[in-house]
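First up is the structure itself, then whatever we jot down about it.
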Amino acid sequence: MLFLIRRGTESIPIARASRSIGSLLIRTTTANPVANNNTPRQFSTSLRQRQHLAADTDNAADTMADNTKDTKEDIKAPKPAANLQIKTPKGTRDWHGPDMLLREQLFQSVSDVFKRHGGTPLDTPVFELREILAGKYGEDSKLIYDLQDQGGELCSLRYDLTVPFARWLAMTSTQQVKRYHIAKVYRRDQPAIARGRMREFHQCDFDIAGVYDPMIPDAEILRIIVEVFDALKLGITIKLNHRKILDGLFAVAGVPAEKIRTISSAVDKLDKMPWADVKKEMVEEKGLPEEVADKIGVYVQNAGNITDIINYIKADADLPTNDDIKAGIHDMELLAAYLEALEVTDKVSFDLSLARGLDYYTGLIFEVINKPEPVADGDKKKKSKKDDPASQVGSIAAGGRYDNLVGMYGKKQIPCVGISFGIDRIFTILKARGENDIKKREVDVFVMAFGGGKDFDGLLVERMKIAKQLWNAGIRAEYMAKAKPKLQAQFKAAEGTPLGVILGEDELKAGQVRLKKLDQGQGQKDEGNLVPIESLAEEVKKLLL
């Protein structure tokens, strides 16, 4: 390869063999670069510079050749380690088949209720700027997944769907909205997959943002909770509390203002730990005087219907004098009237131990727990608490009012209230109970062919045409992907499918197929009925109703 070094009008050739593509960076010619855009750049240099350039060219070529060799070695596929364990990361799982179908049915049931209440969908990035999430989750902030810097921005995987919604509101001109969001969130928690506690899991959120009269949106959110679990046929209890009442209880008991949030986080564990352990944490780990902890224990171990707990608070000598408690009681009295109108009262329990450890809540807070299935009298197979999934998964939905969160990201303040459903935990309960009310089948009709003899070709093309006809009608149909399948193999493949369409040569010539109910149980036989091909889809839909 020839390099030309320009010095004035003189061109000095330097011979050098091309050893790598890197040498293209320093090739030049004496041609006019303006006249030909494809020509390499020219160099003007002194004799000393030419000598240095020649030496640098050699070094660059050698280095590029070495780098090219290294690159080729690097791109070789690594050999798998002999002890490689193929698995999903801790706290995650794959979804497929019946489990996936059941989860999709859950999404559908929940979103149907959301839409019925005027909800509009929203989606946000799976990761947010780290500073957006910072300072919103109290002691649970340690569970946030932080990402490595990939381009000048520090980001984290979203912990929930509420903070991204607040960030979106702050970025837009939206003043009022009913929004729902179904998506995955991530937490570095200790997983317990059998109990529905994951590190990657779905949340289904519904929030009402905007300025409204007090407690009206809050009451609608609680009504949405009831409708969702009625659709899923799950018995529930909605535990309620009010952040202002809780903060007032702490203040009256003697908790310093700077410790209210940390003490609140400790009280929030009462559904998982006995009072003695919670008290020990408050006293020994958080430095609270024992007499203050004892006074808190007197208050927070009370629960009942809304009216009874309001009367309990009003009867106390000290509590009614606190301004936060006064405001909270006013809200709860309004809420009680609205819940009566919406027929939600029998589902709620006013529980003074409910704390919800997240820092952004400002008013009503709530948590949903699943009530164990009633056991029939004389049932010898009565489950223990350990065997009942309802007692293992904990809360299956939770939420509350957060009036100041949006204002943390800008000048405008938009009050909000919302609920988040833990789909993975709900799924765990339904699956453990052998859920029968949600359809889990993938196909409604299996198209089969019947015939015999050497000339029978399996009617594959005809089966395809019938399946296509059903698909066009919106019917889920399938056929066996074999040219000449055996009839017994087809019935085996059709297990769990409610209907079968059987093709025969004689019937096809007459423009008919046989429509048959499958899986009729032992002792029940259904020969099916001959139906015209052109009306097959209509007849199938009648049987699927």
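The figures that follow rest on heavy atoms only: side chains count, while hydrogens, waters and symmetry mates do not. Since the structure is predicted, the reported quantities are computational estimates derived from the model, not experimental observations.
The backbone N or O of Met480 lies less than 3.5 Å from a partner atom in the side chain of Arg463, making a donor-acceptor pair. With hydrogens and angles ignored, the 3.5 Å screen pairs a side-chain donor or acceptor of Thr428 with a backbone N or O of Asp424. Remark: the backbone N or O of Leu354 is paired with a side-chain donor or acceptor of Asn241 at under 3.5 angstrom. A distance-only check finds no donor-acceptor pair linking the side chain of Ser156 to the backbone of Phe127 [under 3.5 Å]. Between the side chain of Arg188 and the main chain of Lys142, a donor-acceptor pair closer than 3.5 Å is present. A donor-acceptor distance shorter than 3.5 angstrom exists from the side chain of Lys541 to the backbone of Ala473, with no hydrogens or angles considered. A side-chain donor-acceptor contact under 3.5 Å links Arg223 to the backbone of Leu342. At least one donor-acceptor pair closer than 3.5 Å links the side chain of Thr362 to the backbone N or O of Asp403.
Applying the side-chain contact (heavy atoms from CB on, under 4.5 Å) rule to Glu462 yields the partners Leu459, Leu503, Leu508; only residues at least two apart in sequence or on another chain are considered. By the salt bridge (Lys or Arg N to Asp or Glu O under 4.0 Å) test, Arg158 is found to be paired with no residue, residues two or more places apart in sequence or in another chain being considered. Scanning for ring pair (Phe, Tyr, Trp, His ring centres under 6.0 Å) contacts around His202 gives Phe107, with sequence neighbours left out.
Between Phe206 and Tyr180, the ring centre distance reaches or exceeds 6.0 Å.
A donor-acceptor pair shorter than 3.5 Å can be found between the side chains of His117 and Glu227.
The aromatic rings of Tyr159 and Tyr137 sit tilted, their planes meeting at an angle between 30° and 60°. The aromatic rings of Tyr145 and Tyr186 sit perpendicular to each other, their planes meeting at more than 60°, with 30° as the lower class boundary. Using bins of under 30°, 30° to 60° and over 60° for the plane-to-plane angle, the ring pair Phe229/Phe421 lands in the tilted bin.
In this structure, the separation between CD1 on Ile245 and OH on Tyr299 is 13.0 Å, given to the nearest 0.5 Å. For the atom pair CG (Asp351) and NZ (Lys239), the distance works out to 5.0 Å, reported to the nearest 0.5 Å.
Applying side chain to side chain donor-acceptor pair (under 3.5 Å) to His181 and the options Asp123, Thr162, Asp207 leaves one that passes, Asp123.
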